[in-house]
Novice: 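Structure below; questions to follow.
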There are 2 protein chains.
Amino acid sequence: MTRFKLTIEYDGGPYVGWQRQDNGPSVQGCLEAALLRLTGRDIAVYGAGRTDAGVHALGQVAHIDLDDARFDGRKLRQAVNHHLKPAPIAVLDAVAVNADFHARFSAIERAYLYVIVSRRAPLAIDRGHAWHVRQPLDVAVMDEAAQRLVGFHDFSSFRAVQCQAKSPCKTLDQVTVTADGEEIRITATARSFLHHQVRNIVGTLKMVGEGKWTADDVSRALAARDRRAAGPTAPADGLYLVSVHYPPVTGASPANT
Amino acid sequence: MTRFKLTIEYDGGPYVGWQRQDNGPSVQGCLEAALLRLTGRDIAVYGAGRTDAGVHALGQVAHIDLDDARFDGRKLRQAVNHHLKPAPIAVLDAVAVNADFHARFSAIERAYLYVIVSRRAPLAIDRGHAWHVRQPLDVAVMDEAAQRLVGFHDFSSFRAVQCQAKSPCKTLDQVTVTADGEEIRITATARSFLHHQVRNIVGTLKMVGEGKWTADDVSRALAARDRRAAGPTAPADGLYLVSVHYPPVTGASPANT
């Protein structure tokens with residue numbers, strides 16, 4: 001039995017989200033179906049982050065256990081990608097790891113990117129891949145306000161009502177807001193996030209960018225510890241799980257890397 | 001009667017190309033249909049560049065004549081975009097211009113971008129929006145070889161057999177090849193291009209990047225003035241018409257700009 005770490009890119013548009021659900025196709029379900037076609041066996045895929053419907057990934061991480069000596073990482077990547085066609089899901093990398101590696105529980109940092117396109121005209125090329133905001137946004141004040149959220153806080157105001165995390169307290173390591181022409185990019189990194197936390201932060205920062213809220217209003221929303229005190233949830237279209245980081249491996253990893 | 005200059009973005013994926021054709025939906029046809037719904041009249045749309053099936057535009061330019069005092073540029077943009085829904089076509093800008101402005105014949109420079117993604121794994125997010133090349137490419141030698149094509153030349157070797165231009169001689173003003181991670185961007189500017197010229201240049205430069213051809217081979221292919229002497233045609237997916245430039249306007253433009 002070999003445990004493999006998979007790094008996965010997907011367009012979340014056609015999916016009900018990462019997690020298998022009864023109401024439609026999921027990314028996890030597509031990967032498991034591809035593995036069933038490949039191996040003839042039911043193989044469970046464990047993801048690092050349960051992205052919501054419509055949320056994309058540039059570098060989701062998952063692990064699987066495979067009892068098949070035919071496969072090293074390279075062959076596994078190629079074979080799974082072959083069986084994934086024509087789904088907009090691609091295994092970027094597959095590597096054998098120690099048996100105690102867990103995509104979700106071993107993760108020490110997750111990085112998200114949120115893309116806003118701020119312009120009058122509708123989106124043609126980037127439709128489904130960014131949030132189209134018609135109002136001009138002041139990126140400098142958005143970035144300034146975002147810094148109010150960095151650190152260890154009770155993020156109840158930015159947490160979906162249906163969030164299942166035991167505690168609303170998280171450490172937000174970093175948030176940045178930058179612009180490149182009409183494209184505004186918001187990055188956020190933390191060990192883990194609450195449900196909708198990034199999208200609720202983005203929806204709040206957009207109000208700041210429009211001039212409806214100040215950085216002090218963001219601090220007050222955070223202090224309120226009440227979902228109704230913060231801004232609306234930004235749409236899924238603009239959100240990307242960029243990467244998941246793990247501690248450096250100590251000790252030898254299996255030979256068939 | 002007012003002439004309007006429209007700047008247009010579109011995803012070329014669903015279309016047979018810019019130009020109206022019998023075999024499927026075209027970008028020009030969609031714009032004319034939107035204008036018919038808006039005004040109740042047949043209004044011809046004249047484009048600067050007849051992009052092929054699957055080719056995208058970030059800044060195509062077209063002109064129309066409108067005999068309707070209700071519309072200034074801003075209202076026209078909004079109304080056309082409303083009637084274009086749900087097509088992945090967006091009017092970015094509409095501005096009244098002098099009656100002698102012609103989107104195609106007044107243009108003095110066209111800029112194209114070609115996007116290659118060079119990696120092993122298939123494309124999920126960028127599918128249809130870039131050329132997926134599995135081989136590693138040497139971008140520095142591609143850029144060096146590209147410079148052999150700059151200037152006034154007989155481009156017969158890079159011209160589609162079905163090209164209708166009177167002369168195969170064109171001045172290529174500039175070509176650059178740059179990389180950002182796995183994404184390789186090739187830009188090309190000229191007053192005008194032959195049919196498939198950019199895609200044939202890209203197909204040839206890819207052979208250079210793979211190490212199959214040298215810059216001298218590119219010079220020889222150019223000198224042969226024979227389509228069979230150059231590389232294959234790169235796919236439409238990676239090509240974007242970025243912008244079209246016109247001489248500065250002399251004299252007053254109409255009041256309802």
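Because the structure is predicted, anything quoted here is derived from the model rather than measured. All chains are named by letter (A, B, ...) in the order of the sequence lines, taking the proteins before the strands, and each is independently numbered beginning at 1.
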Novice: Under 4.5 Å from any heavy atom of chain B, what part of A/Leu92 do you find: side chain, backbone, both or neither?
Specialist: both

Novice: Tell me, side chain or backbone of A/Arg77 under 4.5 Å from chain B's heavy atoms, or both, or neither?
Specialist: side chain

Novice: Under 4.5 Å heavy-atom distance to chain B, tell me which part of A/Leu58 shows up: side chain, backbone, both or neither.
Specialist: side chain

Novice: Under 4.5 Å, counting heavy-atom pairs only, tell me which of B/Leu84, B/Ile125, B/Asp11, B/Asp126 racks up the most with chain A.
Specialist: B/Ile125

Novice: Can you measure from CZ (B/Arg20) to CD (B/Gln28) and round to the nearest 0.5 angstrom?
Specialist: 4.0 Å

Novice: Can you tell me how far apart CZ (A/Arg110) and NE2 (A/His245) are? Round to the nearest 0.5 Å.
Specialist: 11.5 Å

Novice: Sort B/Arg127 into side chain, backbone, both or neither according to what part of it lies under 4.5 angstrom from a heavy atom of chain A.
Specialist: side chain

Novice: Nearest 0.5 Å please: distance from the CZ atom of A/Arg3 over to the CG atom of A/Asn98.
Specialist: 10.0 Å

Novice: If only atom types and distance count, is the side chain of B/Gln60 paired as donor or acceptor with the main-chain N or O of B/Gly47 below 3.5 Å?
Specialist: no

Novice: Just checking, is any N or O donor in the side chain of B/Gln174 or B/Thr189 under 3.5 Å from an acceptor N or O on the other one?
Specialist: yes

Novice: Specify which of A/Gly128, A/Ala57, A/Ala90, A/Gly12 makes the most heavy-atom pairs with chain B at under 4.5 Å.
Specialist: A/Ala90

